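Data first, discussion second: the structure below is written as C-alpha cells.
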There are 2 protein chains.
Amino acid sequence: MRKNSPEAASPMEAAVEIDGDEKPDRLLLDQITDKWSILILAALCAKPLRFNELRRCLDGITQKALTQSLRRLERSGILARRVIPSSQVAVEYSVTPLGRTLEEPFRAVYGWTVQYAPAVLQAQAAFDQRAAEEEK
Amino acid sequence: MRKNSPEAASPMEAAVEIDGDEKPDRLLLDQITDKWSILILAALCAKPLRFNELRRCLDGITQKALTQSLRRLERSGILARRVIPSSQVAVEYSVTPLGRTLEEPFRAVYGWTVQYAPAVLQAQAAFDQRAAEEEK
DNA sequence: CAGCATCCTGAGCGATACTG
DNA sequence: CAGTATCGCTCAGGATGCTG
C-alpha cells in the first residue's frame, strides 16, 4: 500500500493529480459524503440517539440504509455504538472525538447549501429557461 | 477563517428536523456531494480546463459521468461552459463566482480526509480485527 | 474535440419475513 | 427494540458507435 503523499503545496489539487490508482483519500471522501452520513452526523452531534429515534429524524431513510451507514461510520471511528443494558434491547449511537473533528467541515458545507440555495435555484431556473427556449 | 454561520442556535440540526417532504437543501446537498463534484471543482479552481483535459485529471471517470456532472454543476450556476471559437471544437469549463464560494467549504472537507485518513484507517483496522475475532 | 444516443449488465435499494 | 437474511427489481453507470 501507499502511504499518503508527502506534502502538497496546493491544497485540494492533490486529489486530482495523484490519480494513478485508487487513492485512500478518494475512498474516504466517498464514504463521508454519501447520501446520509452528513445528516446522521448532524443529528448525533446534537445529542446521542437510539436507532429508531435516529430513524425518525432522518425521514425517508430505510432501516437497511441506516444500518449500513451506521456500520460504516462506526467502522471508521466516527461513531460509537453502545448497547444499553435494560430489559428491552437498546442501542445508543454517539459521536466520537474523531467524529467531532468532522463537525466543522460538514457545518461549512451544510451552511453553504442553506446560504446559497436561493442563488442556485435561480440559476437552475435560468438554465432551464434557456434550454426550453432553444428547444422550440 | 470563515465569517458565515452567525451563531445559529441550531447549526446543522435544521437539516434533520424539517423533513416533512423533500427539502431543497437535501437535494442540493446530494448534488454537490456526489462522487465527482468535489474533485471537478477542485480541478477547475486551479485553472479552467477543456473537456478532455479535465477528463484526464479525473482518472477513472467515464465520458458519460463527466458530462452529467458538468451539466449539473453548470445548471446550478457553479460552473460556466464556454465554447471557444477555433478551427476545432473546443469547450472550456471554469468556476463561476458562485462556485468560488464553495471552494472554502470543500477545502475544509477535503483537508479533513487528508489529515485524518491515517486515524480512520487505523480505526477501520481495529474494527475489522474485533469483528474477525468474535467471528471465531 | 466534445458530446449524444443506445444497449446492457449488475450493484444497490426497498419490501418482506424472521431472530435474539 | 435493533437488527439480519433473502429476494426482486430498478436504474445508474459502463461500453460502444455515431455526429457536428
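Computed from a predicted structure; not experimentally measured. Chain A is the first sequence line, chain B the second, and so forth, proteins listed ahead of strands; every chain is numbered from 1.
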Interatomic distance, [X] [atom1] vs [N] [atom2] [rounded to whole Å]:
{"X": "A:E53", "N": "D:dC1", "atom1": "CD", "atom2": "P", "result": "10 Å"}
{"X": "A:I61", "N": "C:dG12", "atom1": "CD1", "atom2": "C1'", "result": "14 Å"}
{"X": "A:L58", "N": "C:dG14", "atom1": "CG", "atom2": "P", "result": "13 Å"}

Hey, can you pull the residues of residues 64-77 of chain A with a non-hydrogen atom under 4.0 angstrom from DNA chain D? A:K64, A:T67, A:R71
Phosphate OP1/OP2 of D:dG13: any B:T62 side-chain N/O under 4.0 Å: no
Tell me whether the side-chain N/O atoms of A:R50 come closer than 4.0 Å to OP1 or OP2 in D:dC1. no
From the list C:dG3, D:dC1, C:dG14, which nucleotide is the closest neighbour of the side chain of B:R81? C:dG3
Is B:R100 salt-bridged to B:E103, going by a charged N under 4.0 Å from an acidic O? yes
For residues B:L79 and B:I40, determine if any side-chain heavy atom of one lies less than 4.5 Å from a side-chain heavy atom of the other. yes
Less than 4.5 Å apart, any side-chain heavy atom of B:Q63 and any of B:F51? yes
Test of understanding: clusters of I, L, V, M, F, W, Y form through side-chain heavy atoms closer than 4.5 Å, transitively. Do A:I84 and A:L44 belong to the same one? no
In residues 84-93 of chain A, what residues come within less than 4.0 Å of DNA chain C, judged by heavy atoms? A:V89
